S.K.: 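Okay, here's the structure, questions in a sec.
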Amino acid sequence: MMQKYFENEYALYMLKDQIVHITYKKGVEIDLKASKQIVRDRLEFQEERPYPVLCDIRHLRRVDKPARDFLAVQGSLLVTALAIIIEPPVTDAMTQFYLRTNNPDIPTDSFSETAKAIGYLEKFLGVVLWLALFKLNL
């Protein structure tokens, strides 16, 4: 049975209504080592199952280039869609730069309102169900 809550030194992870919510802690700076820990913890939290992910970066201070590069590839493993919660103008500028330079392979968008981000991710919940059923039939 998958746990509903997990916390590390960088973020809080919660599963709510089949969406993984990741909220970064205030003032966190992410380097390559931190990004590897964040992805490793998320994959373990998800128990290797695909989910849409809501990522709240409003309190994030900084993500360095090696961490961004790692997250652009490894960070999307088992993520069916990504909604990023931003606080204009700072995290909005960070997110727009990330989206322009990394071209994520998964559906990704940014929002300043959590409800709109969840609405966006709910469109991808059928993908999670389909993948779960497909895996059971293998």
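Everything numeric here is computed off the predicted structure, so don't read it as measured data.
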S.K.: Quick one: do I30 and L12 end up in the same hydrophobic cluster if we chain Ile, Leu, Val, Met, Phe, Trp and Tyr together by side-chain heavy atoms under 4.5 Å apart?
M.R.: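 Cluster IDs for I30 and L12 differ.
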
S.K.: Do other residues, nucleotides or ligands put more than 12 heavy atoms under 6.0 Å from K16 NZ?
M.R.: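 No, because the 6.0 Å sphere around NZ of K16 holds 12 heavy atoms or fewer from other groups.
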
S.K.: For L121 and T80, run side chain to side chain contact (heavy atoms under 4.5 Å, CB included): C-alpha distance rounded to whole Å, both residues' side-chain angles, the deciding distance at 0.1 Å, then the answer.
M.R.: CA-CA 9 Å; L121 292 174; T80 58; over 6 Å; no

S.K.: Between Y51 and L77, is there shared hydrophobic-cluster membership here, with clusters defined by ILVMFWY side-chain heavy atoms closer than 4.5 Å?
M.R.: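 Yes.
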
S.K.: I need the minimum non-hydrogen distance between V79 and A81, along with the two atoms involved.
M.R.: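 That would be CG1-O, 3.2 Å.
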
S.K.: Mind checking the CZ-CZ spacing from R68 to R62? Nearest 0.5 Å is all I need.
M.R.: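 One finds 9.0 Å between CZ of R68 and CZ of R62.
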
S.K.: Can you check side chain to side chain contact (heavy atoms under 4.5 Å, CB included) on Y24 and I38, steps first, answer last?
M.R.: CA-CA 10 Å; Y24 285 95; I38 289 162; 3.5 Å; yes

S.K.: Does the Y120 side chain pair with the main chain of T108, one donor and one acceptor, at a distance under 3.5 Å?
M.R.: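 A pair under 3.5 Å: yes.
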
S.K.: Check for me, please, whether V53 and M14 land in the same ILVMFWY cluster - side-chain distances under 4.5 Å, paths through other members count.
M.R.: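 V53 and M14: separate clusters.
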
S.K.: Does any non-hydrogen side-chain atom of L15 lie less than 4.5 Å from one of F45?
M.R.: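 Yes; the side chains approach each other to less than 4.5 Å.
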
S.K.: Can you find a heavy atom in the side chain of D17 that is under 4.5 Å from one in the side chain of E122?
M.R.: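 No, side chains not in contact.
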
S.K.: Just verifying a value: how many Å separate K65 NZ and D31 CG, rounded to the nearest 0.5 Å?
M.R.: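 Rounded to the nearest 0.5 Å, the NZ-CG separation comes to 15.0 Å.
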
S.K.: With sequence neighbours left out, what residues match L32 under side-chain contact (heavy atoms from CB on, under 4.5 Å)?
M.R.: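 Checked L32 against side-chain contact (heavy atoms from CB on, under 4.5 Å); matches are S35, K36, P66, F70.
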
S.K.: With no hydrogens and no angle check, is any side-chain donor or acceptor of R58 less than 3.5 Å from a backbone partner on I85?
M.R.: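 No.
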
S.K.: Hey, does the side chain of R42 reach the backbone of Y13 with a donor-acceptor pair shorter than 3.5 angstrom?
M.R.: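 It does not hold such a pair.
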
S.K.: Any chance you could measure L60, atom CG, to K26, atom NZ, to the nearest 0.5 Å?
M.R.: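 Rounded to the nearest 0.5 Å, the CG-NZ separation comes to 11.5 Å.
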
S.K.: Under 4.5 Å between any side-chain heavy atoms of L43 and V39, yes or no?
M.R.: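 They are in side-chain contact.
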
S.K.: Applying salt bridge (charged side-chain N to carboxylate O under 4.0 Å, His left out), name anything that partners K33, two or more places apart in sequence or on another chain.
M.R.: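 For K33 there are no salt bridge (charged side-chain N to carboxylate O under 4.0 Å, His left out) partners, ignoring immediate neighbours.
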
S.K.: Under 4.5 Å between any side-chain heavy atoms of C55 and L82, yes or no?
M.R.: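 The answer is yes, as the side chains (C-beta and beyond) meet within the 4.5 Å cut-off.
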
S.K.: When rounded to the nearest 0.5 angstrom, what is the spacing between CD in E7 and CD in E9?
M.R.: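 One finds 10.5 Å between CD of E7 and CD of E9.
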
S.K.: Donor-acceptor check, side chain of Q46 to backbone of L78, threshold 3.5 angstrom: yes or no?
M.R.: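 Yes; judged by distance alone, with no hydrogens or angles, the pair exists.
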
S.K.: For the pair N8 (side chain) and Y10 (backbone), establish whether a donor and an acceptor sit closer than 3.5 Å, ignoring hydrogens and angles.
M.R.: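 Confirmed, N8 side chain pairs with Y10 backbone.
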
S.K.: Is E44 atom CD crowded by more than 12 heavy atoms from other residues, nucleotides or ligands, each under 6.0 Å away?
M.R.: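 At most 12 heavy atoms, drawn from other residues, nucleotides or ligands, come within 6.0 Å of this atom.
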
S.K.: What distance separates E87 CD from I57 CD1, expressed to the nearest 0.5 Å?
M.R.: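 These two atoms lie 10.5 Å from each other.
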
